[in-house]
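As the structure is a computational prediction, the values presented were derived from the model and not from experiment. No hydrogens, no waters, no symmetry mates; every other heavy atom, side chains included, goes into these values. Every chain is numbered from 1 and lettered A, B, ... according to where its sequence line falls, protein lines coming before strand lines.
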Amino acid sequence: MINQELAEIFSLLADALEYKGDNIFKIRAYRKASRIIKDFSLNLREFSKEKPFTEIPGIGEGIAKKIKEYIETGHIHKFEEEKKNIPCGIFEMLKIQYLGPKTLKYVYEELRVDTLEKLKNVMNDGSLAQLHGMGDKKIERLKEAIELYETSEIGKKRFLIGDIYPAIEEIVARLKKITGNVTPCGSYRRMKETVGDIDLLAVSDKGQQVTDFFITLPFISKVISIGYTKATVILKNHGIQVDLRVVKPDSFGACLQYFTGSKAHNIKLRTIAKSKGLKVNEYGVFKGKKKIAGATEKGVYESIGLEYIPPEMREDSGEVELAIKHKIPRIVEYDNFKGDLHVHSNYSDGTSSILNIAKIAKAMGFEYIAICDHSQSVTYAGGLSEDILAKKNEEIDRINEKIKGIFILKGAEVDILRNGKLDYPDSVLKTLDIVICAIHQGFRKNVTKRFLEAMENPFIHIIAHPTGRLLSGRKGYDVDLDKVFEKAQDRGIILEINSYFNRLDLNDTNVKRAKKYDIKFSIGTDAHNDGMLKYWRLGLGIARRAWITKEDIINCYTLRKLKNVLRKEK
DNA sequence: GCCGTTTTCGGCCCGACTGTTTTCAGTCG
């Protein structure tokens, strides 16, 4: 919580200084600090007891002092002072597209516009149009931006990666009809849990042809800009912005690198290149006028003396420093994944039969899959009585005898009840290959204590979605994760990375936190229908963003090794 | 305000598109 507050303050402070016209590099330093703090995996209040803030790259003496001041007093003097000089409505108006600090300051000085209401007034009465540099088109564009700001979520909202996944697939498929190579980049490629916009890269010698085709796609509501190398549009159904960039094949790697980001990662890369007398842009790496790399991403990194860095690591959180030393960890790869360990069938609230799930999983190349339906007290989700569970286990045995090439594990997602007890007795639990424990009731009631108690049970293997948060808006349990991690280490309990796109729980920062302990992870889609099985990639993306290896993830084990691990836990 | 494989001072990534300009400023990514 304190991290979010500080991130917000430094971001607003940057806005205030930018409006004032302060040194742009100082502003950039505050913005950078804001982002670093927002993504920082440890609570800053706790961190300060161990180490000085200046140990965090990007935080120097000045900002460290301000963090300390905020922790001790609840405010930052400099921010309070700077705020006084800024008309109150400016912070809000800065969120509107095409309204930057320069424009706002000019309009305030000329027309005393300090709120969105007043801005709309001067647009309507014609006085804005009297100002120098305010032509018809500019005002028209502003009007649209204000309308978008007021009526839609643009600029305010990020989209769940799973929600926009189908839109990306659709656009890519259509673009591929006129140019072979089309790749999604941006935060989507870095597998962030939410994305602000969609970035696509197409390879073609005829840029204008591709952008012209792109803006005529049927599901586009508005064209923001179009040139011969890039075009920007808004989609009808989500209101999300899509940027398309077109480059020639010999620049593909450089553009892929540039367009994947993150911004902070790219800036660091370019700074390093510059110090070596090189220049990096989206067309390649240049020594003077000579292009020395650009066709492949790997070539771009190597040409400036760095080891290749996987997209999911590119957040400027220490990966560049490791790449300089050629010590990038061997993080888990997508093709290491051997099977989904959390799937619901139509025995409880899923829609697919066990046989069907097994067939699809086999077609996806899985070696095994675990069917984990809800336990008896979760009546609203069709939880299984002990009798039905026994029947289900028999059915799985029968299918396993018949079907070749995939193994079905007998599992359950067993509720941890309000009193901390498990929803099945041990005599039932020991009939299962895999036991996942979860909280679906009493979110606010002694959650940590109940987790710890449940973890004493000798038959449980995994804790499902350990924080209980939903990205669509539920905050999650009131749980002390460090206590849970410590217990998991002591008891050899595995933690789930739930890959359902509204959960993504544990998330990247929490997995990073957990890996400081000796803990293994499992990936489960929590799929309730066939279509959801594909979201295992999101879970693996989280693992990659947390820099963990295939040895850390039990889904990467062979069936034999997996069975050994699950047996050993008992 | 941050930072150091020339540096504790003097740098700080780079380019596309738009609109209103006759060469550039503002904004965005």
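Taking a 6.0 Å sphere around CG of A/D136, one finds it holds 12 or fewer heavy atoms contributed by other residues, nucleotides or ligands. Surrounding CD of A/E50 are at most 12 heavy atoms belonging to other residues, nucleotides or ligands under 6.0 Å away.
Side-chain polar atoms of A/S251 and A/K291 form a donor-acceptor pair below 3.5 angstrom. A/N181 and A/T183 are linked by a side-chain donor-acceptor pair at a separation below 3.5 angstrom, with hydrogens and angles left out of the test. Inspection of the A/Y70 and A/E5 side chains reveals an N or O donor paired with an N or O acceptor under 3.5 Å. Between the side chains of A/E92 and A/Y149, a donor-acceptor pair is found at a separation under 3.5 Å.
Contact annotation: A/Q241 does not reach the phosphate of B/dC28 (side-chain N/O to OP1 or OP2, under 4.0 Å). For B/dT27, one of the phosphate oxygens OP1 or OP2 lies less than 4.0 angstrom from a side-chain nitrogen or oxygen of A/T103. Within the 4.0 Å cut-off from OP1 or OP2 of B/dG26, not a single side-chain nitrogen or oxygen of A/K138 is found. For the OP1/OP2 pair of B/dT27 and a distance below 4.0 Å, the side-chain nitrogens and oxygens of A/Y98 include no atom meeting the criterion.
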Any N/O pairs under 3.5 Å between the protein and nucleotides 13-16 of chain B? List them or say none.
{"from": "B/dC13", "atom 1": "OP1", "to": "A/R28", "atom 2": "NH1", "distance (Å)": "2.7"}
{"from": "B/dC13", "atom 1": "O2", "to": "A/R270", "atom 2": "NH1", "distance (Å)": "2.6"}
{"from": "B/dC14", "atom 1": "O4'", "to": "A/R270", "atom 2": "NH1", "distance (Å)": "3.0"}
{"from": "B/dG15", "atom 1": "OP1", "to": "A/K279", "atom 2": "NZ", "distance (Å)": "3.0"}
{"from": "B/dG15", "atom 1": "OP1", "to": "A/N281", "atom 2": "ND2", "distance (Å)": "3.1"}
{"from": "B/dA16", "atom 1": "OP1", "to": "A/Y283", "atom 2": "OH", "distance (Å)": "2.9"}
{"from": "B/dA16", "atom 1": "O3'", "to": "A/T229", "atom 2": "OG1", "distance (Å)": "3.2"}

Listing time: all N or O pairs from protein to nucleotides 22-24 of chain B that are below 3.5 Å?
none

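Figure legend. B/dT18 is base-paired to B/dA25; pairs are counted as Watson-Crick or G-U wobble with both atom distances under 3.5 Å.
Residues A/K66 and A/M134 each lie close to DNA chain B; by heavy-atom proximity, the contact nearer the 5' end of the strand is made by A/K66. The nearest heavy atom of DNA chain B to A/I59 and to A/I324 marks one nucleotide each, and the one closer to the 5' end goes with A/I59.
Between A/Y106 atom OH and B/dG19 atom C1' there is a gap of 14 Å when expressed in whole angstrom units. As rounded to whole Å, 15 Å separates atom C1' of B/dG29 from atom CZ of A/R35. In this structure, the CZ atom of A/F10 is 9 Å from the P atom of B/dC2, given to the nearest Å. If you take CG of A/L99 and P of B/dT27, they are 8 Å apart, rounded to a whole angstrom. Counting to the nearest Å, the C1' atom of B/dT18 and the NZ atom of A/K222 are 12 Å from each other. The CD1-C1' distance, from A/I24 to B/dC28, rounds to 13 Å in whole Å. Remark: P of B/dG19 and CD1 of A/I226 are 13 Å apart, rounded to the nearest angstrom. Distance CG (A/D22) to P (B/dC2): 13 Å, rounded to an integer number of Å.
Under the 3.5 Å distance criterion, the side-chain polar atoms of A/D526 are left unmatched by any main-chain donor or acceptor of A/N498.
Taking the C1' atoms as reference points, B/dT23 lies 15 Å from B/dT18, given to the whole Å. For the C1' atom pair drawn from B/dT27 and B/dT20, the interatomic distance equals 15 Å after rounding to whole Å. Nucleotides B/dT21 and B/dG26 have their P atoms positioned 13 Å apart, rounded to a whole Å. Comparing the P positions of B/dC24 and B/dC13 gives a spacing of 22 Å, expressed to the nearest Å. B/dC28 and B/dT22 are spaced 23 Å apart, taking the P atom of each and rounding to whole Å. Taking atom C1' on both nucleotides, B/dG15 is separated from B/dG10 by 25 Å, rounded to a whole Å. Going from the P atom of B/dT5 to that of B/dG1 covers 23 Å, rounded to whole Å. To the nearest whole angstrom, the two C1' atoms, one in B/dG11 and one in B/dA16, are 26 Å apart.
You'll find that the side chain of A/K78 is closest to B/dG1, out of B/dT27, B/dG1, B/dC28. Closest to the A/H132 side chain, of the nucleotides B/dT27, B/dG1, B/dT21, is B/dT21. Each of B/dG1, B/dG29, B/dG26 was ranked by its minimum atom distance to the side chain of A/A29; first place goes to B/dG1.
Relative to the ring axis of A/Y188, A/R190 does not place its NZ or CZ within 45° and under 6.0 Å from the centre.
At a threshold of 4.5 Å between non-hydrogen side-chain atoms, the residues A/K222 and A/E144 count as touching. The closest side-chain heavy-atom distance from A/L269 to A/Y301 is below 4.5 Å.
Taking 4.0 Å as the cut-off between side-chain N and carboxylate O, A/E72 and A/K68 count as a salt-bridged pair.
A/N23 comes within contact range of at least one nucleobase, with a heavy-atom separation under 4.0 Å. Backbone-only contact: A/G58 has heavy atoms under 4.0 Å from sugar-phosphate atoms and none from a base.
In this structure, the ring of A/Y165 has its center less than 6.0 angstrom from the ring center of A/Y535.
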